[in-house]
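What follows is a short report on a single structure.
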Amino acid sequence: MNLFSIVCLITVTGAVAVRQPGEFEPQAAVWLSAETNREDFMRVTADLVKALRPHVKIKMLLENDVDVKAAKSGLKKHGVNPEQIQYFTDKGATLFLRDATVFTVGRKLGIIDLKWSLYGLAAWCEDVFAKDLETKKEFLSYLDPSDDGLDDFFARATGASVTKSPLSLENATFEVNGKGALLISERLARKRHPSLTRDGIERELLRMPGVKKVIWLYDGAAEDPHMTATIRGNFVGKGAGGHTDEFVRFADPHTILLAYVDHPPKNPVEEVNKERMDRNYRILLNARDQDGKPFRILKVPTPTPITRPVVLAPPSDTKSRWNEVLFPKQEGRMAGDKLFEVAAASYLNFIVSNKVVVVPSFVEDGTPDETQERVRKVIASAFPGRTIRFVNATPFTWSGGGPHCATLNEPLIAGN
């Protein structure tokens, strides 16, 4: 038995079991960061603070004191009192804090320290540059071991104990109900661990504090491809390869929200989502929780895909966001090709914190008002008694994330 297993054994045999709480449970704080040099990003961050601050304490992590000063100025400009926020600094600060660490609760706060893989960079390189060793080596150089230090920061900042896991996952690669059930995309998990079987991955998941049952979903949202990839045809995107906060969430221990195309697909992106979510829905219908009971499944309409035209740059243009070298050679992509970039837009990338649910809004980007109203009703029925707030966070979606990705919920320890 390894050290990780021993720690987990001790936690479940004590008077207070250590577990990962559901995000719908009470929270002590919500952490954010900020891109202080991006006016559009600062506007979104300020809007998130406005929506959350009446319900939960806000903590902000930035790289250094210069960024703290800039963040305070930017927040004030957008109508936020910066003195209502508690600030911290660490050189590893990143906008999408969600993926930095996983909190647990027990007698005290804990952290699961997962291995950082830069969203499975090695597996993506193997797919795209299988025979191009020089280019593969260049891309793999972006994976810096020192980037894996935020777990230690959060442990120091919150007084949490640390339990290490050998799994190469991020916080948003799985979703838990707080009672023992865990949802994860099989395609993502296998991509992150090419040397492990599904059974091998499941064994390690079950060693994480509080996990009793793993439910394997087929695949994630079309808008969340692995790194840079073709979705279908000339539609391309940038993503993490199947994060649960893009397509499936727990609203309580028994209720699952699933992104769903509830109309005949109108484009290739909706076609892919329809195929994947139909399959995920069938899996969830047959799934049982940690106690052998079925789930209540609510379908959440998907927003109208947000796209913009892009033209592939030649390999020599290393500063371009879209370059022909980013695709496998067998796809035949060439410089000058005209494609459509798809934003990682999902209503499931919401933040739930105490008495509020902050949901990304997409009516400004072409989703009909009536569709968003149906989304509001579904989410309100899943979270009765909570305020539903919509925030336009589209600038984040072009970087492969959303409001949930840009926040990290710090759970409240009972009695505190």
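FYI, the numbering just counts along the sequence from 1.
At least one donor-acceptor pair under 3.5 Å links the side chain of K50 to the backbone N or O of H78. Distance alone, capped at 3.5 Å, is enough to place a donor-acceptor pair between the T244 side chain and the A172 backbone. Here the side chain of E324 pairs a donor or acceptor atom with the backbone of A335 at under 3.5 angstrom. Listed for the R19 side chain is no donor-acceptor partner under 3.5 Å among the backbone atoms of G180. R249 contributes a side-chain N or O that, together with a main-chain N or O of L348, makes up a donor-acceptor pair within less than 3.5 Å. With N354 contributing its side chain and H55 its backbone, the two residues share a donor-acceptor pair below 3.5 Å. The closest donor-acceptor contact from the side chain of T228 to the backbone of K238 lies at 3.5 Å or more, if one exists at all. Remark: side-chain polar atoms of N177 are paired, donor with acceptor, to backbone N or O of P253 under 3.5 angstrom. Side chain of D151 to main chain of I111: no donor-acceptor pair is present (N/O by atom type, distance under 3.5 Å, no hydrogens or angles).
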**Q.** Derivation of the side chain to side chain contact (heavy atoms under 4.5 Å, CB included) call for V269 and R232
**A.** CA-CA 7 Å; V269 178; R232 178 169 289 176; over 6 Å; no
(Q) What verdict does the side chain to side chain contact (heavy atoms under 4.5 Å, CB included) test give for V248 and N280, after you've listed the backbone C-alpha separation in whole Å, the side-chain angles of each residue and the deciding distance to 0.1 Å? (A) CA-CA 9 Å; V248 64; N280 286 334; over 6 Å; no
Q) Which is it for S33 and L62 under the side chain to side chain contact (heavy atoms under 4.5 Å, CB included) test, yes or no, and what are the steps along the way? A) CA-CA 6 Å; S33 189; L62 297 147; 4.3 Å; yes
Q.
What verdict does the side chain to side chain donor-acceptor pair (under 3.5 Å) test give for E364 and T394, after you've listed the backbone C-alpha separation in whole Å, the side-chain angles of each residue and the deciding distance to 0.1 Å?
A. CA-CA 9 Å; E364 301 86 350; T394 302; 5.7 Å; no
(Q) Would I112 and Q20 count as a side chain to side chain contact (heavy atoms under 4.5 Å, CB included) here? Give the steps. (A) CA-CA 9 Å; I112 301 176; Q20 298 173 58; 3.7 Å; yes
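Remark: D245 CG to S346 OG distance equals 7.5 Å, nearest 0.5 Å. The structure places CZ of F295 at 3.5 Å from CD1 of I215, a figure rounded to the nearest 0.5 Å. We find the CG-CZ distance between L217 and R282 to be 12.5 Å, quoted to the nearest 0.5 Å. Taken to the nearest 0.5 Å, the CG atom of L48 stands 6.0 Å off from the CZ atom of F396. With values rounded to the nearest 0.5 angstrom, K115 atom NZ is found 9.0 Å from D148 atom CG. Here the CD1-OH distance, from I283 to Y281, works out to 13.0 Å after rounding to the nearest 0.5 Å.
A side-chain donor from one of Q372 and S361 sits under 3.5 Å from a side-chain acceptor of the other. For R98 and T407, the side-chain atoms include at least one donor-acceptor pair closer than 3.5 Å. In this model, no donor atom of one side chain and acceptor atom of the other lie less than 3.5 Å apart for D199 and T197. For the residue pair N323 and R333, no side-chain donor N or O sits within less than 3.5 Å of a side-chain acceptor on the partner. Q27 and S353 are linked by a side-chain donor-acceptor pair at a separation below 3.5 angstrom, with hydrogens and angles left out of the test. Between the side chains of E23 and H404, at least one donor N or O sits under 3.5 Å from an acceptor N or O.
Inter-residue side-chain proximity for C405 and N349 is flagged as met; some heavy-atom pair is nearer than 4.5 Å. The shortest side-chain heavy-atom distance between N273 and F247 does not fall under the 4.5 Å cut-off. Side chains of P166 and E204 form a contact here, defined as non-hydrogen atoms less than 4.5 Å apart. Taking the side chain as every heavy atom from C-beta outward, S399 and F41 approach each other to under 4.5 Å. No side-chain heavy atom of K293 sits less than 4.5 Å from a side-chain heavy atom of H254. Taking the side chain as every heavy atom from C-beta outward, I256 and F250 approach each other to under 4.5 Å. In this structure, L188 and L169 have side chains that are in contact, with non-hydrogen atoms separated by less than 4.5 Å. Taking 4.5 Å as the limit, every side-chain heavy atom of K108 sits out of range of all side-chain heavy atoms of I413.
Residues satisfying the side chain to side chain donor-acceptor pair (under 3.5 Å) criterion with D278, sequence neighbours excluded, are Y260. Under the rule for a side chain to side chain donor-acceptor pair (under 3.5 Å), the partners of E270 that lie at least two apart in sequence or sit in another chain are H263.
Contact detail for S168 and S117: the closest heavy-atom pair is CB-CB, 4.1 Å. For the pair P294 and R288, the tightest heavy-atom approach, listed with the atom from each and the gap, is N-CD, 3.4 Å. Taking both residues in full, the closest heavy atoms of L140 and L121 are given as CA-CD2, 4.0 Å, listed atom of the first, atom of the second, then distance. Scanning both residues, T371 and P301, for their nearest heavy atoms gives CG2-CB, 4.1 Å. When all heavy atoms are compared, the tightest approach of G332 to D337 is O-OD2, 4.1 Å. The two residues M42 and A34 have their closest heavy-atom pair at SD-CB, 3.7 Å.
Under a 4.0 Å N-O distance rule, the pair E410/K57 does not qualify as a salt bridge. With respect to R374 and D262, a salt bridge is recorded, a charged nitrogen being found less than 4.0 Å from a carboxylate O. D40 has no carboxylate O lying under 4.0 Å from a charged side-chain N of R43, or vice versa, which leaves the two without a salt bridge. Between K274 and E271 there is no salt bridge, since no side-chain nitrogen of the basic residue lies less than 4.0 Å from a carboxylate oxygen of the acidic one.
Applying the salt bridge (charged side-chain N to carboxylate O under 4.0 Å, His left out) test to pairs two or more places apart or on separate chains, those with a residue in residues 375-401 are E373-R376.
A cation-pi arrangement is present between R308 and W398, with the terminal nitrogen or guanidinium carbon under 6.0 Å from the aromatic centre and inside a 45° cone about the axis.
Within a 6.0 Å sphere centred on OH of Y87, other residues, nucleotides and ligands contribute more than 12 heavy atoms. Under a cut-off of 6.0 angstrom, the local environment of NZ in K299 is crowded, with over 12 non-hydrogen atoms contributed by other residues, nucleotides or ligands.
Here the options are F327, Y142, Y119, F129, the test is ring pair (Phe, Tyr, Trp, His ring centres under 6.0 Å), and the partner is W124; only F129 passes.
Aromatic ring pairs are classed by plane angle as parallel below 30°, tilted from 30° to 60° and perpendicular above 60°; the pair W31 and F88 is tilted. In this structure, Y347 and F390 have perpendicular ring planes: the angle between them is above 60°, well past the 30° mark.
Residues F350 and F383 place their aromatic rings such that the two centres sit under 6.0 Å apart.
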